[in-house]
Amino acid sequence: MMKSFDERCYELLKQVPKGKVTTYKAIAEALGTKAYRAVGNAMNRNPNAPVVPCHRVVNSNGVLGGFAFGQAEKISRLAAEGVKVEQGKIKNFAECLYEFHP
DNA sequence: CGGTTGACCAAGT
DNA sequence: GACTTGGCCAACC
């Protein structure tokens, strides 16, 4: 049973531990594709909010990017998990960045 | 089935 | 440092 591309993004995202973040690029690459945009698109169209920690996904440059509930909400949620955000960017980005295991 | 869209990325100006 | 261009890919209309 092949899950939809979106479903796979959610599954990967659920692997991200609390207090860590990942990037759209990392997810796409982990799936073996370059659909950076499709990943973000999946979240925007159907933010499986309570099941998937959509707020732990940021742009590859450390900027939060967008969020269906609003950027402020994203910042608040990250702060609640221990991730510091400054000027719309992740503080200690490399430290908080989660790498997917093979 | 073709064209548009988008929570992106990298490089150039 | 800010803006523009081209490229990439899946979902939607």
Side-chain angles (χ1 to χ4, degrees):
Chain A
M1 173 55 187
M2 278 292 285
K3 291 183 175 186
S4 298
F5 181 84
D6 307 275
E7 294 276 324
R8 286 193 256 169
C9 297
Y10 304 144
E11 294 297 301
L12 272 171
L13 200 47
K14 283 195 278 191
Q15 296 176 37
V16 180
K18 167 180 152 194
K20 293 276 186 177
V21 295
T22 188
T23 70
Y24 300 99
K25 181 175 182 181
I27 295 174
E29 295 278 300
L31 292 176
T33 180
K34 293 153 189 134
Y36 317 122
R37 313 187 90 169
V39 176
N41 244 345
M43 305 300 150
N44 188 18
R45 293 184 187 289
N46 182 9
N48 267 342
V51 268
V52 179
C54 307
H55 58 277
R56 289 183 196 153
V57 189
V58 297
N59 293 10
S60 66
N61 62 336
V63 178
L64 290 186
F67 194 56
F69 282 73
Q71 206 187 55
E73 189 65 32
K74 194 166 183 174
I75 296 173
S76 294
R77 280 173 172 254
L78 285 171
E81 308 220 332
V83 180
K84 304 286 172 62
V85 178
E86 185 105 6
Q87 313 245 313
K89 302 167 233 163
I90 301 288
K91 198 178 171 102
N92 305 330
F93 179 49
E95 306 286 312
C96 303
L97 186 58
Y98 172 79
E99 302 181 53
F100 292 100
H101 278 229

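Letters A, B, ... mirror the listed sequences (proteins, then strands); counts begin at 1.
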* Asked: Ignoring hydrogens and geometry, is there a side-chain-to-backbone donor-acceptor pair from A/Y10 to A/A42 under 3.5 Å?
  -> yes
* Produce a footprint string for nucleotides 5-13 of chain C: one letter per nucleotide, 5' end first; B if the base is under 4.0 Å from any protein heavy atom, S if only the sugar-phosphate is, - if neither. => --BBBBSS-
* Could you list all the side-chain hydrogen bond (donor to acceptor under 3.5 Å, both in side chains) pairs where at least one residue sits in residues 22-40 of chain A, not counting sequence neighbours? => none
* Would A/K14 and A/E11 count as a salt bridge (Lys or Arg N to Asp or Glu O under 4.0 Å) if you check the C-alpha gap in whole Å, the side-chain angles of each, and the deciding distance to 0.1 Å? -> CA-CA 5 Å; A/K14 283 195 278 191; A/E11 294 297 301; 3.2 Å; yes
* Within residues 10-29 of chain A: residues closer than 4.0 Å to DNA chain B (heavy atoms) -> A/Y24, A/K25
* To do: Compare all side-chain heavy atoms of A/M43 with those of A/L13 and state whether any distance is below 4.5 angstrom.
  => yes
* Asked: A/I90 versus A/L78: any side-chain heavy-atom pair under 4.5 Å?
  -> yes
* Asked: Is A/F69 atom CZ crowded by more than 12 heavy atoms from other residues, nucleotides or ligands, each under 6.0 Å away?
  -> no
* To do: Please work out if A/N44 contacts a base, only the sugar-phosphate, or nothing of the nucleic acid, heavy-atom cut-off 4.0 Å.
  => base
* Asked: Atom CG of A/N59 and atom P of B/dG6: how far apart are they, to the nearest Å?
  -> 16 Å
* Structure fact -> When A/K74, A/K20, A/R56 are each screened for salt bridge (charged side-chain N to carboxylate O under 4.0 Å, His left out) with A/E81, the one that passes is A/R56
* To do: Test A/F67 against A/V57 for side chain to side chain contact (heavy atoms under 4.5 Å, CB included), laying out the working first.
  => CA-CA 9 Å; A/F67 194 56; A/V57 189; over 6 Å; no
